[in-house]
Novice: 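Below is the structure I would like to discuss, written out as structure tokens.
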Protein chains: 2
Amino acid sequence: MNGENEILDRCEETIIHPDIVEKLKKELLTEQKSYNLSEFFKIFGDLTRIRIIQVLSLQELCVCDISTILNISQSATSHQLKILRQFGVAKPRKDGKMMYYSISDEHIKSIFTNGLEHISE
Amino acid sequence: MNGENEILDRCEETIIHPDIVEKLKKELLTEQKSYNLSEFFKIFGDLTRIRIIQVLSLQELCVCDISTILNISQSATSHQLKILRQFGVAKPRKDGKMMYYSISDEHIKSIFTNGLEHISE
DNA sequence: AATATATATGAACATATAAACATATATAAA
DNA sequence: TTTATATATGTTTATATGTTCATATATATT
């Protein structure tokens, strides 16, 4: 309705540090890139998925083994693996009626390890 | 009810690779550690928070500047900063009635950068 | 061909959580 | 000490999403 008052619940008329605000506005990531990044990190922000990522970072596994090791239903495992696939976190390999999954690249293992070290401090 | 059939929706009676299953079960992180790790990564898995993390990784900022730069309400900004504080992602510095926030350590910047590089491939 | 089994997936449901709104707190300025 | 302002927070509501259940698909085995 009113461009200047779109968000009322913010610091009043006066911008605190106009120079800093202007400078940083130019350095912002695009909304699209920020969104993609948050969606990517969302993958790691779920207990079931992080457990799957952990075991897959140890070795390639079939769906049944993953679900048995982690005590997760086949359906839930498969649903989560689909998400991991879609975001390029895990990659599938088909062998007969079995599907084997592994971590798709070293970036993923780095992020996992980095986070694990951080919370272990 | 039935220990052996707690989860029916999994591979049938036969475990596919008993040796692998037994080996990996021993290498599992504790449930607590996995949970903490997923909660930690959850911080990065939200558009608003990842945008706050981005600007804070550029420089220390007061709440009002953050909300102005990102066009987020003061309330929403403060709520998210509370979460970032609680998980040791951002640290506050008080100066009069102003609160300045900055990224609490290099681990956070690494994870952010690592993720950004990954999605940029 | 019929059956068994490993995996995938659509839909429903329950839960988690981010944003808005209202209001409280704390400090500065008058 | 009264007012203004920067930040914090409790509550409500809307939305997102993980799990379950039922079922489909694909391959192997008989």
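Letters A, B, ... are given to chains in the order of the sequence lines, protein chains preceding strands, and every chain is numbered from 1. Values below: every heavy atom of this structure, side chains too, minus hydrogens, waters and symmetry copies. As the structure is a computational prediction, the values presented were derived from the model and not from experiment.
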Novice: Give every pair of a protein N or O atom and an N or O atom of nucleotides 13-19 of chain C that lie under 3.5 Å apart, one pair per line with the distance.
Specialist:
| from | atom 1 | to | atom 2 | distance (Å) |
| --- | --- | --- | --- | --- |
| dT17(C) | OP1 | K42(B) | NZ | 3.3 |
| dA18(C) | OP1 | R49(B) | NH2 | 3.1 |
| dA18(C) | OP2 | R49(B) | NH1 | 3.2 |
| dA19(C) | OP1 | T48(B) | OG1 | 2.6 |
| dA19(C) | OP2 | Q80(B) | NE2 | 2.9 |

Novice: Let me know the distance between CD1 of I52(A) and P of dA8(C), rounded to the nearest Å.
Specialist: 11 Å
Novice: Mind checking whether F44(B) and F41(B) have parallel, tilted or perpendicular rings, split at 30° and 60°?
Specialist: tilted
Novice: Can you tell me whether the side chain of Q74(B) and the base of dA6(D) have a donor-acceptor pair closer than 3.5 Å?
Specialist: no
Novice: So for S75(A) and dT9(C), does any side-chain atom that can act as donor or acceptor lie under 3.5 Å from a complementary atom in the base?
Specialist: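 In this structure, the two groups form a donor-acceptor pair.
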Novice: When you compare the side chain of L84(B) with that of I52(B), does any pair of heavy atoms fall below 4.5 Å?
Specialist: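 Counting from C-beta outward, I52(B) and L84(B) do come under 4.5 Å.
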Novice: Check the distance between dT19(D)'s P and R51(A)'s CZ and give it to me in whole angstrom.
Specialist: 10 Å
Novice: Using the side-chain heavy atoms of C62(A), tell me which of these nucleotides is nearest: dT7(C), dA20(C), dT20(D).
Specialist: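 Closest of the options to the side chain of C62(A): dT7(C).
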Novice: Picking from I66(A), I72(A), I69(A), what satisfies side-chain contact (heavy atoms from CB on, under 4.5 Å) with R51(A)?
Specialist: I72(A)
Novice: What is the separation between atom CD1 on I43(A) and atom C1' on dG18(D), rounded to the nearest whole Å?
Specialist: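 Whole-Å distance recorded here is 13 Å.
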Novice: Minimum heavy-atom separation for E31(B) to L47(A), with atom names?
Specialist: OE2-CD2, 3.6 Å
Novice: Find the distance K82(A):NZ to dA8(C):P and express it as a whole number of Å.
Specialist: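 The answer, rounded to whole Å, is 10 Å.
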Novice: List for me each residue that meets salt bridge (charged side-chain N to carboxylate O under 4.0 Å, His left out) alongside E121(A), sequence neighbours excluded, and say none if there are none.
Specialist: none
Novice: Using purine N1 to pyrimidine N3 plus N6-O4 or O6-N4 for Watson-Crick, or N1-O2 and O6-N3 for G-U wobble, each under 3.5 Å, what pairs with dC21(D)?
Specialist: dG10(C)
Novice: Starting from P on dA6(D), measure out to CD1 on I66(B) and report it in whole angstrom.
Specialist: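 Taking atom P of dA6(D) as the reference, CD1 of I66(B) is at 14 Å.
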Novice: Please report the interatomic distance CG(N36(B)) to CZ(F87(B)), rounded to the nearest 0.5 Å.
Specialist: 8.0 Å
Novice: Within this structure, what is the SG-CE distance for the pair C64(A) and M98(A), rounded to the nearest 0.5 Å?
Specialist: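 The CE atom of M98(A) is 6.5 Å from SG of C64(A), to the nearest 0.5 Å.
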Novice: I need the single residue from R93(B), Q59(B), K91(B) that forms a side-chain contact (heavy atoms from CB on, under 4.5 Å) with Y100(B). Which is it?
Specialist: R93(B)
Novice: Between dT20(D) atom P and N71(A) atom CG, what is the distance in whole Å?
Specialist: 10 Å
Novice: If you apply the rule side chain to side chain contact (heavy atoms under 4.5 Å, CB included), what do you find for T113(B) with E117(B), and how did you get there?
Specialist: CA-CA 6 Å; T113(B) 305; E117(B) 284 170 1; 3.7 Å; yes
Novice: Considering only heavy atoms, which members of residues 92-101 of chain A lie under 4.0 Å from some atom of DNA chain C?
Specialist: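 Hits under 4.0 Å, by residue number: K97(A), M98(A), M99(A), Y101(A).
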